[in-house]
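To keep things clear, I will list the structure first and then write my remarks on it.
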Amino acid sequence: MIEFDRVSKRYPGGYEALMDVSLNIAAGEMVFLTGHSGAGKSTLIKLIAAIERPTGGTVLVNRQNVGKMRRGAIPYLRRNIGLIFQDHKLLFDRNVMHNVLLPLQIAGFARHDAAARARAALDKVGLLQREKANPVTLSGGEQQRLCIARAIVSRPALLLADEPTSNLDSEYASEIMVMFKAFHQAGTTIVISTHDYAAIVAGNARVIRLDHGSLQT
Ligand SMILES: Nc1ncnc2c1ncn2[C@@H]1O[C@H](COP(=O)(O)OP(=O)(O)OP(=O)(O)O)[C@@H](O)[C@H]1O
Ligand SMILES: [Mg+2]
């Protein structure tokens with residue numbers, strides 16, 4: 001599903017965040033991405049979602065060359081990707097429920113179906129009682145859980161999570177991992193970047209390790 005062929009990413013200013021990275025992630029795989037701070041984990045995830053483009057090599061997602069994709073095609077790519085980021089861009093001008101509903105409204109779901117799905121997603125992350133709250137009033141960990149609800153609500157085939165448990169206490173962190181595993185068992189392809197060694201051990205999945213932009217084998 002995801003193929004990196006000799007991928008490099010040099011940011012403006014000359015910093016080489018990824019060097020000559022080749023890897024394959026099959027449909028249905030669950031993969032942990034680890035490495036020190038600055039190793040290139042977020043960069044690798046951004047290349048998959050076409051948030052950044054490679055400066056060398058090719059990135060294929062479902063055989064589409066996402067590094068060369070037209071701007072107009074990117075929203076269609078993203079419809080099949082659930083994104084969970086460190087700097088979660090929640091919308092503070094609408095409540096918790098509406099943050100989760102938004103991706104469904106964009107995808108054109110019927111109102112009733114969308115509401116049921118959004119409620120189920122909020123319930124999964126333990127935020128159903130806060131559905132009417134403004135996201136500003138949520139704690140960091142609650143905001144992170146809201147992002148997770150928003151990412152999974154449209155049941156994407158591919159889930160990309162950049163340190164999804166970094167603001168969570170260990171109880172919620174392990175619940176989130178259990179949730180990811182359930183998605184994995186349901187056939188979702190999942191890439192999770194994390195420093196959390198306990199999560200990796202508990203996840204019992206493949207580990208991809210980056211070191212200063214290079215793949216460690
Ligand atoms: N937009 C950018 N412009 C310039 N340099 C960048 C940019 N984004 C990342 N970098 C640099 O690229 C390198 C890799 O960054 P990246 O965010 O991918 O690391 P990371 O493994 O996710 O680190 P962390 O664990 O701290 O999140 C870092 O040295 C970073 O400073
Ligand atoms: Mg990062």
Side-chain angles (χ1 to χ4, degrees), residues 1-25 29-61 65-69 71 74 77-78 81-90 139-152 156 158-170 172-174 176-177 179-180 189-203 205-217:
M1 178 180 237
I2 299 168
E3 297 171 63
F4 276 56
D5 185 30
R6 309 205 65 180
V7 172
S8 315
K9 173 65 185 179
R10 184 190 292 273
Y11 283 108
Y15 194 86
E16 193 107 38
L18 289 178
M19 281 169 281
D20 208 23
V21 171
S22 297
L23 57 86
N24 281 306
I25 298 172
E29 254 194 292
M30 175 153 114
V31 172
F32 284 104
L33 188 60
T34 66
H36 59 87
S37 178
K41 303 180 295 297
S42 298
T43 300
L44 194 147
I45 286 181
K46 286 175 183 167
L47 290 175
I48 299 170
I51 294 166
E52 293 286 352
R53 292 176 189 260
T55 41
T58 47
V59 178
L60 303 184
V61 177
N65 187 337
V66 298
K68 293 262 190 319
M69 199 172 248
R71 268 182 183 285
I74 290 174
L77 169 77
R78 301 247 177 93
I81 302 181
L83 282 172
I84 301 164
F85 271 109
Q86 279 166 316
D87 57 339
H88 38 67
K89 295 184 181 70
L90 293 168
S139 72
E142 286 168 340
Q143 290 188 9
Q144 207 155 5
R145 285 187 272 140
L146 176 52
C147 290
I148 294 168
R150 189 180 55 179
I152 60 167
L158 173 60
L159 198 56
L160 302 175
D162 195 4
E163 311 217 22
T165 58
S166 58
N167 292 325
L168 302 180
D169 54 40
S170 58
Y172 263 116
S174 55
I176 295 297
M177 278 306 154
M179 229 169 70
F180 283 163
T189 310
I190 309 183
V191 182
I192 307 166
S193 89
T194 186
H195 285 113
D196 185 354
Y197 191 68
I200 294 174
V201 172
R206 177 175 161 203
V207 178
I208 293 174
R209 192 162 280 125
L210 286 169
D211 183 21
H212 294 96
S214 296
L215 213 57
Q216 271 196 322
T217 47

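In each ligand, atom 1 is the first atom listed, and ligand 1 is the first ligand listed.
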Legend entry - Gap between atom CE of M30 and atom OG1 of T189 - 0.5 Å precision: 11.5 Å
Legend entry - Heavy-atom side-chain contact between K41 and H195 under 4.5 Å: yes
Legend entry - Exercise: identify the closest heavy-atom pair between V59 and P54: CG2-CG, 4.0 Å
Legend entry - Gap between atom CD1 of I84 and atom CD of E163 - 0.5 Å precision: 12.5 Å
Legend entry - T58 and N65: side chain donor to acceptor below 3.5 Å: no
Legend entry - More than 12 heavy atoms from other groups under 6.0 Å of CZ on R53: yes
Legend entry - Test item: T165 and I192 side chains (from C-beta on) under 4.5 Å apart, heavy atoms: no
Legend entry - Crowding at CZ, R209 (>12 non-hydrogen neighbours, <6.0 Å): no
Legend entry - Total protein N, O or S atoms, the Mg ion (ligand 2), separation less than 2.8 Å: 1
Inset, instruction - Of all the heavy-atom pairs spanning S8 and E16, show the shortest one and how long it is. - result: CB-OE2, 3.7 Å
Legend entry - First-shell residues of ligand 1 [heavy atom, distance under 4.0 Å]: Y11, Y15, A17, H36, S37, G38, A39, G40, K41, S42, T43, Q86, E163, H195
